[in-house]
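Notes follow the structure.
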Amino acid sequence: MPHSASRSSGRRPLILPAIIAVALMAAACLSDAPGNTPRPEVTATRADLLAGVATATPAVSEPTFEPTPAEPLPATETPVPPRATPTATPDAGVAFDPEAVTLDVELVAAGFTEPLYVTHAGDGSGRVFVVERAGSIRLLTGELLLDISGRVGSDSTEQGLLGLAFHPSFAENRWLYVYYTDLNGDTVVARFDMTGDAVIDPGSEHVILTQQQPAGNHNGGMLAFGPDGYLYIGLGDGGRSYDAFGTAQDRNTLLGKLLRIDVDGGDPYGIPPDNPFVGEDGARPEVWAWGLRNPWRFSFDRATGDLYIADVGQNAFEWLHFQPADSGGGENYGWPIFEGDACLIEERCGEEGFTPPIAVYSQSEGGCAIIGGYVYRGAAFPALQGAYLNGDLCSGNIWATAPDDSGEWQTTLMAQIDARISSFGEDEDGELYVTDLSGGRVFRFVVSS
């Protein structure tokens with residue numbers, strides 16, 4: 001694929017476009033929302049995918065799976081690129097050198113219907129799993145393992161089967177966890193059992209957590225087990241615009257939060273005793289971090305345990321947060337007082353206690369929604385080690401973010417692909433993948449240096 005000529009090496013903090021058009025990033029919330037309040041009409045959303053924005057063509061190899069390609073979603077918006085100044089500093093180490101790497105992708109599978117996520121089971125099988133928005137889980141080779149489309153609601157483009165995580169002891173207990181929107185438009189996190197290697201039993205569903213959603217956007221969608229064995233769940237602020245329901249700064253709701261629960265410590269779950277708000281009045285004990293708008297994708301660095309949270313913006317900026325592995329949780333990431341690093345509520349911006357993003361970029365520069373990725377820890381491309389890769393839904397831009405020699409964050413545009421990027425993913429070996437929402441394709445990263 002042609003490499004983007006606009007590569008830069010300055011300190012340009014990462015930040016991707018606005019609310020993941022396809023409704024991906026819609027902030028999901030889990031067990032706490034407003035009682036029986038009727039779901040209001042969603043307004044001022046950018047919930048439809050942009051079409052035909054990217055122009056570059058990716059390197060393509062023969063796909064291994066070719067059912068009927070997905071139809072593109074309608075386009076309704078205009079793109080955006082990056083800007084900003086680093087606002088956080090990680091520990092300095094061996095610096096990633098973007099000038100030593102040429103990043104491309106190769107097509108490894110096609111024919112999926114709105115693929116939203118790629119992951120592995122960690123069981124030594126080497127298998128790669130693909131989540132389809134309507135309610136299916138397939139192998140990368142195309143075999144259907146689960147179809148719960150009859151219980152998944154996807155009326156809004158930010159709804160559907162949005163996330164998948166395998167239990168750290170999956171090889172023994174065969175448990176996996178999904179994050180989906182139900183037929184009422186509310187969020188469900190549930191456990192399923194895999195029977196043998198070929199089938200996930202749809203009748204084995206055990207609901208872990210539910211959250212009423214006040215609107216059809218900002219439904220979140222990401223869940224992942226951390227290095228500590230606890231399950232982390234990302235929820236948006238409930239939808240509409242400018243935190244209309246006042247959830248992000250309210251610690252007594254699960255909306256606008258990153259949750260941390262112990263799925264092995266109770267039924268349906270326990271609370272880790274070191275969660276930051278355990279025992280505090282007016283705060284939910286599940287809350288690990290707050291002040292989030294719509295954390296569509298987050299990930300842990302498999303080598304360091306550091307956490308990266310990509311939060312989808314309102315109508316001006318996109319941003320990326322960094323939480324070091326030794327954090328005790330409790331970070332307030334500032335929404336809606338701040339959009340990225342820009343002040344929205346002047347009388348509060350001078351307050352202490354907000355954790356700023358490490359990268360931000362303006363939607364006016366092109367792009368539309370930040371798609372969080374992973375720190376590369378595979379063995380195939382040593383020159384890419386330590387770089388956090390993430391992308392842009394509308395422009396197809398791929399970025400690398402990493403600390404320089406002095407420990408300050410640098411973001412570099414590495415490539416542009418002809419795809420509406422909906423997610424990144426890892427396989428067991430730490431090699432990275434990217435999904436194309438409307439094209440129904442899965443790509444793998446390749447590097448020349």
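Please read all numbers here as calculations on a predicted model, not as lab measurements.
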- Side-chain donor or acceptor of Asp311 paired with backbone N/O of Arg293 under 3.5 Å: yes

- Query: Heavy atoms, side chains only, cut-off 4.5 Å: are Asp123 and Arg174 in contact?
  - Reply: yes

- Considering all heavy atoms, the nearest Ile421-Ile398 contact: CD1-CD1, 3.5 Å

- Just do the side chain to side chain contact (heavy atoms under 4.5 Å, CB included) check on Ile261 and Ile233 with the steps written out, would you? CA-CA 8 Å; Ile261 64 173; Ile233 304 164; 3.8 Å; yes

- Message: So does Phe277 get a backbone contact from the side chain of Asn275, meaning a donor-acceptor N/O pair under 3.5 Å?
- Response: no

- Query: Does a side chain donor of either Asp267 or His206 reach within less than 3.5 Å of an acceptor in the other side chain?
  - Reply: yes

- Check the pair Asp182 / Thr187 against side chain to side chain contact (heavy atoms under 4.5 Å, CB included), numbers first and verdict last. CA-CA 6 Å; Asp182 69 15; Thr187 291; over 6 Å; no

- What distance separates Phe445 CZ from Leu432 CG, expressed to the nearest 0.5 Å? 6.5 Å

- Side-chain donor or acceptor of Ser125 paired with backbone N/O of Arg127 under 3.5 Å: yes

- Within the distance-only criterion (no hydrogens, no angle test), does the side chain of Tyr376 pair as donor or acceptor with the backbone N or O of Phe381 below 3.5 angstrom? yes

- Message: Run the salt bridge (Lys or Arg N to Asp or Glu O under 4.0 Å) test on Arg260 and Asp228 for me, step by step, so that the C-alpha distance in whole Å, both residues' side-chain angles and the decisive distance to 0.1 Å come before the verdict.
- Response: CA-CA 10 Å; Arg260 181 181 185 242; Asp228 52 16; 3.0 Å; yes

- Message: Just to verify, which of Leu107, Val105, Val108 counts as forming a side-chain contact (heavy atoms from CB on, under 4.5 Å) with Arg441?
- Response: Leu107

- For the side-chain contact (heavy atoms from CB on, under 4.5 Å) test, which of Leu292, Asp243, Thr247 pairs with Trp335? Asp243

- Within-4.5 Å side-chain heavy-atom neighbours: Leu384 and Leu103: yes

- Task: Could you tell me whether Arg133 sits above the aromatic face of Tyr117, with NZ or CZ closer than 6.0 angstrom to the six-membered ring centre and within 45 degrees of the axis?
- Result: no

- Can you list the residues that meet the side chain to side chain contact (heavy atoms under 4.5 Å, CB included) rule with Thr181, with sequence neighbours excluded? Gln159, Leu162, Asn219

- Examine His167 together with Phe225 and report whether their ring centres are nearer than 6.0 Å. yes

- Mark yes or no for whether Gln416, through its side chain, and Ser395, through its backbone, hold a donor-acceptor pair below 3.5 Å. yes

- Query: How about Gln213 and Asn184: does a side-chain donor come under 3.5 Å of a side-chain acceptor?
  - Reply: no

- With distance as the sole test, does Asp301 use its side chain to make a donor-acceptor pair with the main-chain N or O of Asp306 at under 3.5 Å? no

- Under 3.5 Å, is there a donor-acceptor pair linking the side chains of Trp290 and Glu331? no

- Item | N/O donor-acceptor pair under 3.5 Å between Asp429 side chain and Glu431 backbone | no

- Presence of salt bridge, Glu426 and Arg377, under 4.0 angstrom: no

- Side chain proximity check, Arg284 to Leu259, heavy atoms < 4.5 angstrom: no

- From CG (Asp201) to CG (Leu145), nearest 0.5 Å: 12.5 Å

- Message: What I'd like to find out is whether the side chain of Val118 reaches to under 4.5 Å of the side chain of Leu140, using heavy atoms alone.
- Response: no

- Message: As an exercise, state the distance from CG of Leu144 to CD of Glu132, rounded to the nearest 0.5 Å.
- Response: 7.5 Å

- Message: I want to know whether Phe322 and Trp409 have ring centres closer than 6.0 Å.
- Response: yes

- Asn217 side chain to Arg240 backbone, donor-acceptor under 3.5 Å: yes

- Query: Under 3.5 Å, is there a donor-acceptor pair between the side chain of Ser327 and the main chain of Pro324?
  - Reply: no

- Message: If we ignore hydrogens and angles and just use 3.5 Å, is the side chain of Lys257 paired with the main-chain N or O of Gln249 as donor and acceptor?
- Response: no

- Do the two ring centres, one from Phe300 and one from Tyr232, sit under 6.0 Å apart? yes

- Between Tyr308 and Tyr374, does the ring centroid distance fall short of 6.0 Å? no

- Note on the structure: Of all heavy-atom pairs linking Pro115 and Asp436, the shortest is CG-O, 3.4 Å

- Task: Work out which heavy atom in Ala310 is nearest to a heavy atom in Gly372; give both atom names and the distance.
- Result: CB-CA, 3.6 Å

- Glu205 vs Arg191, salt bridge (Lys or Arg N to Asp or Glu O under 4.0 Å): CA-CA, chis, key distance, verdict: CA-CA 6 Å; Glu205 181 175 15; Arg191 188 187 76 210; over 6 Å; no

- For residues Glu339 and Asn315, report the shortest heavy-atom separation together with the two atoms involved. OE2-N, 3.0 Å

- Message: Which heavy atom of Ala400 sits nearest to which heavy atom of Ala387, and what is that distance?
- Response: CB-CB, 4.2 Å

- Would you tell me whether Ser423 and Thr435 have side-chain atoms, one donor and one acceptor, within less than 3.5 Å of each other? no

- Do Ser438 and Glu114 come close enough that some side-chain heavy atom pair is under 4.5 Å? no

- Evaluate the side-chain proximity of Ile417 to Val434: yes if any heavy-atom separation is below 4.5 Å, no if none is. yes

- Query: Going by heavy atoms in the side chains, are Phe424 and Ile371 under 4.5 Å from each other?
  - Reply: yes

- If you take all heavy atoms of Arg302 and Glu428, which pair is closest and at what distance? NH1-O, 3.1 Å

